[in-house]
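These notes are about the structure you will find just below.
In this chain, residues are counted from 1 in sequence order. Because the structure is a prediction, the values reported are computed rather than measured.
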Amino acid sequence: MAHLFRDLSLTSSKREPTDSPAAAAASLSKSASMPLPADPLPAPFGQLSPSAKLNATDLRLIAYDIFVATCRTSAGKPLAFISSSPVADSSSSTSSAPGLSHSPSSASSQRSLTSTAASKMKKALGLRSSTSGLKSGSPGKDSGGSGTKSKKAATIGELMRVQMRISESADSRVRRGLLRISAGQLGKRIESVVLPLELLQQFKASDFTDPVEYDEWQKRNLRTLEAGLLLHPRVPISKSDASPQRLRQIIRGALERPIETGRNNESMQVLRSAVTALASRSADGTPDSCHWADGFPLNLHLYEMLLEACFDVNDESSIVEEVDELLEQIKKTWGILGLNEMFHNLCFTWVLFNRYVATGQTENELLYAADRQLTDVVRDAKTTKDPEYLKVLDLTLSSILGWAEKRLLAYHDTFDSFNIQSMQSIVSLGVTSATTLAEGVSNEYRRRRKNEVDVARKSIDTYIRSSLRTAFAQRMEKADSSRRASRNAPNSLPVLAILAKDVGDLAVHEKSMFSPILKLWHPFAAGVAVATLHVCYGNELKQFVSGITELTPDAIQILRAADKLEKDLVQIAVEDSVDSDDGGKGIIREMPPYEAETVIANLVKVWIKSRVDRMKEWVDRNIQQEVWSPLANKDKYAPSCVEVLRILDDTLDAFFQLPIPTHPALLPDLVTGLDRCLQYYVAKTKSGCGSKSTYIPTLPALTRCSTESKFQGVFKKKDKSGGLPKRNSQVATTNGESSRGVPQLCVRINTLHQIKSEIDVLEKRVVTHLRNSESAQVEDFSNGLSKKFDLTPSACVEGVQQLSEALAYKVVFHDLSHVLWDGLYVGDTSSSRIYPFIQELEQFLLTVSDTVHEKVRTRIITDILKASVDGFLLVLLAGGPSRSFTRQDSQILEDDFKSIKDLFWANGDGLPIELIDKFSATASYILPLFKSDAETLIDRFRRAALEAYGSAAKSRLPLPPTSGQWHPSDPNTILRVLCYRNEDAASKFLKKTYSLPKKL
């Protein structure tokens, strides 16, 4: 008879009555002396589609079929017909057909398995030998059914059958089917055969004694085809391919109503056609290939079932002695499953690890083996770019890492003196997984990283800190319970004193038990541990200290216990860091001291806060009464400024008279508080005075000029807005209008300037106090950074800027609106010129010059110049329909503008000519537009619009928006010049193009 492979024949034994899943499960429950717990970790290979409906028993039986089919001398050996006697194939249910002969080269699975077999793999992985021994036949009885002790499996084939809990009848059937297949497909490799399809063809219902058993067998093979070809195909299915839909319909129909199987059955031919069309697809065009069980993750779940068979069925935590021979045969399934050495190493690592978890985490040898096997996985990961492998690698390592971290993030709860031996391997698994996952980042990204992260050290650091925080919280709860139990006893210790002793004991325990293990990955494990405990206790101590106002006996006890604890922790940190590059300074920096002086410091901080709060209240009360009169003193700044500076100086003197040794350390707190008070005063000084935007009116909509009447639209005498909308009304009324007149604004500006000037004096006075302080060191006053008033100087500068602009635009746009908006160029341009505006503006300039400090005078007058130029341009470009200009008016406009500049130049006594030119440049560029005729302006406008809006402006000129940023090439600026041009061409263009009204 032909044979398919190196036959895994079994010793003769009585056949079991059924191979149904229920029977297999019953067999398993009887055989296992140490049953597998129900909660192993889920395989990290990805979930099978729910549509597959393949349970663990189905996968195990499928995997066994594949195993039996591939166990030949070599994976590439074709199906052969080798006969030594003319015995026909029989469909009987005996274990093996009599008369079958095996070639010498295919008999390796027939060799005897002795009890003295030694495994090189077990030795390499550090695994112990199995003591139970594997038995053949039905679990719990010998092959003859006598109930006596079963004998050991005689061959690898029988060993695998028992290991995978496969009944003899199921094993016999798959062998008969494979022999029949080989007879019909001579010369083909097993990798080219769709095994479930071929098995379906070899058996009919009459081959089974139990119809239910046949139905389950047929459905399992159909679901296998569905899973391998449709749900998890190796080669992606094209949307245009009709074969999947045809196969899906056939399988769905067969699952609802069993099909007739057999060699020449028509239903089988239809099924074969659909299956072959899908299974023969190849991504690389390789001929004679077949893909039905090599899609992810189906292949990995099947392979996991095979690897699980390496564990002794009678001792779930022990690997069989014959594991080397067993794996040699299991690896032959790679061709069908589409796997390789890398996937094997990864899956075997997972199986070892998961078995350790599933057997109660007591068999440390499995843990050690998984850790050692992981080194092969790390090696593989560095040499491959296979996306499928890397995906499975990521899932597997993430699962291992997640499990390990749950234990390591609270290792004080996980490990004790009884199981401490397993900690090193668990740490190794977690760290190796984390490192490998981190190294999975692309090389390009790694090249961009400036500093490579030590993943192992970072992980250990995280474990130490997390676990010790948890342990500290437990000790704290214990100390609190101890305190409550002894609260009525005399001289009972406060909770923090009890906690200090417990934390000290915890640190010693950490150093002796856990640090030696963790130090393998983190050179300063003990230092990190005590630094963490130091911070934890320090947080509790700080909370306690914040609630006391004076030293008490309890406080003294706590502080003394804290001081002792701190010294013990620091000593451990120093000893642990003696070999570090910085001598342990890095760890010590994580341990801010909490000695007794801290209490004193906090009490002083309370004093500082009360002084600062009192000063802020004074600012609120007195600044409300301030009238900002320039007559209050000769320097023309506010009297409240004098008082606030005096109080600040008194506070500094009082601070340095406090009988404490920590003036330098606490001085920054005081300076910061006083700085905020001064900043608050500055904010109050400028509050309610508005800003530049407060006084600038909103630009009106565009209109054409109207020459029929001097006062049209909004230009009515009762509305002195000059044709512009009313100004922003959000000008504050603090202390009434009189408090923000021009003289008062000048006083406010002087006040801010005075405060800024006095800051330098105050800082020098602080340094003098420090020099006279007996506890101060040279560095305390040589480093002035911590003694600076950081907020006030910049607040003063910003305040002066805001008030200066507010004053300038208030003068021009508010106080002089009657001569600017209501008078300038209204009606006849030549009879309503700039001179009234200049005369009144000159009086304001004199007031400013006489009132403000000389160091801020130039700035304010410059802001008034800018406001005057802005006002002048606003009249020309947004003055409303009652203003119109001819080309002849351009000379008047230029002369008037020159008069404005001459006012600020003041024959050389005013602003520098360079400054005047700088801030009047915009107007100088725009005035030439008023000389151009309407046609030139229209042409210039068209070009500017075309440049701004592109081809969209060719067919229809869009109305340019108003930005307020005037420029001679800005379309809106040019259009506004046209709007106020008293010229027919301009009016016709505006009416035709935009239909602009003559009234607002």
Side-chain angles (χ1 to χ4, degrees), residues 21 24-25 36-67 164-165 196 216 219-237 244 247-248 251-252 255 278-279 291-309 311 330 333-334 336-340 342-358 370 377 381 386-406 429 433 436-437 440:
L36 194 68
D39 56 349
L41 296 174
F45 309 138
Q47 295 294 320
L48 293 179
S49 171
S51 302
K53 296 181 180 178
L54 292 174
N55 57 31
T57 300
D58 294 332
L59 292 172
R60 178 163 49 79
L61 291 168
I62 297 166
Y64 185 73
D65 289 350
I66 293 172
F67 173 82
M164 294 195 72
R165 292 102 166 162
E216 291 178 353
K219 287 181 177 179
R220 178 169 64 251
N221 282 286
L222 289 170
R223 286 196 296 267
T224 302
L225 291 173
E226 181 182 32
L229 296 173
L230 298 176
L231 301 177
H232 302 285
R234 178 73 173 198
V235 181
I237 295 175
L247 178 59
R248 187 175 290 108
I251 292 176
R252 287 286 174 260
L255 289 173
L278 284 173
H291 303 284
W292 66 272
D294 51 354
F296 293 92
L298 175 63
N299 55 350
L300 295 178
H301 285 283
L302 293 172
Y303 196 63
E304 183 186 19
M305 288 292 176
L306 295 173
L307 292 179
E308 287 284 354
F311 289 95
I330 289 174
T333 64
W334 291 356
I336 290 180
L337 297 177
L339 302 178
N340 55 26
M342 290 192 305
F343 278 106
H344 166 78
N345 289 337
L346 184 57
C347 292
F348 195 45
T349 300
W350 170 256
V351 167
L352 289 169
F353 167 75
N354 197 25
R355 184 55 63 102
Y356 168 75
V357 175
V377 173
D386 180 358
E388 288 288 356
Y389 174 81
L390 294 176
K391 179 181 178 182
V392 177
L393 174 70
D394 183 80
L395 292 171
T396 304
L397 295 185
S398 296
S399 183
I400 293 174
L401 178 60
W403 180 90
E405 287 195 334
K406 284 182 180 179
L429 281 171
S433 299
T436 306
L437 287 170

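Here the closest heavy-atom approach between residue Pro244 and residue Ile237 is recorded as CG-CG2, 3.2 Å. When all heavy atoms of Ala293 and Ile66 are compared, the closest pair comes out as CB-CD1, 4.1 Å. The two residues Asp386 and Phe343 come nearest to each other via the heavy atoms OD2-CE1, 3.9 Å. Residues Met305 and Met164 come closest through the heavy atom pair O-CE, 4.0 Å. Nearest heavy-atom pair, Trp292 versus Ile336, reported as atom, atom and distance to 0.1 Å: CZ2-CG2, 3.8 Å. When all heavy atoms of Ala381 and Thr436 are compared, the pair lying nearest together is CB-CG2, 4.0 Å.
If you run side-chain contact (heavy atoms from CB on, under 4.5 Å) between Pro44 and each of Asp394, Leu397, Thr396, only Thr396 comes through.
Distance check, rounded to the nearest 0.5 Å: NZ of Lys219 to CD of Glu226 gives 12.5 Å. Taking CG of Asn221 as the reference point, atom CG of Asp58 lies at 9.5 Å (rounded to 0.5 Å). Put simply, CG on Leu300 and CG on Asp294 are 11.0 Å apart, with the number rounded to the nearest 0.5 Å. Between atom CG of residue Leu231 and atom OG1 of residue Thr224 there is a gap of 11.0 Å, rounded to the nearest 0.5 Å. One distance of note links NE2 of His344 with CG of Leu307; it measures 6.5 Å at 0.5 Å rounding. Rounding to the nearest 0.5 Å places CD1 of Ile62 at 12.0 Å from NE2 of His301.
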Item to complete: Please report the C-alpha distance between Thr57 and Arg220 in whole Å, then the side-chain angles of each, then the deciding distance to 0.1 Å, and finally whether the side-chain contact (heavy atoms from CB on, under 4.5 Å) criterion is met.
Response: CA-CA 10 Å; Thr57 300; Arg220 178 169 64 251; over 6 Å; no

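Looking at Asn354, its side chain does come within 3.5 Å of a backbone N or O of Leu41 through a donor-acceptor pair. Under a 3.5 Å cut-off, the side chain of Ser399 and the backbone N or O of Leu395 do not form any donor-acceptor pair.
For residues 43-52, there are no side-chain hydrogen bond (donor to acceptor under 3.5 Å, both in side chains) pairs, not counting sequence neighbours.
Proximity of Val351 to Glu304: side-chain heavy atoms (C-beta onward) are separated by under 4.5 Å at one or more points. You'll find the side chain of Thr333 stays beyond 4.5 Å of the side chain of Leu302, heavy atoms only. Inter-residue side-chain proximity for Leu346 and Leu393 is flagged as met; some heavy-atom pair is nearer than 4.5 Å. Here the side chains of Leu339 and Tyr389 are not in contact, with every heavy-atom distance at 4.5 Å or above.
Evaluation of the ring pair (Phe, Tyr, Trp, His ring centres under 6.0 Å) rule for Phe353 yields Trp350, Trp403 as partners, not counting sequence neighbours.
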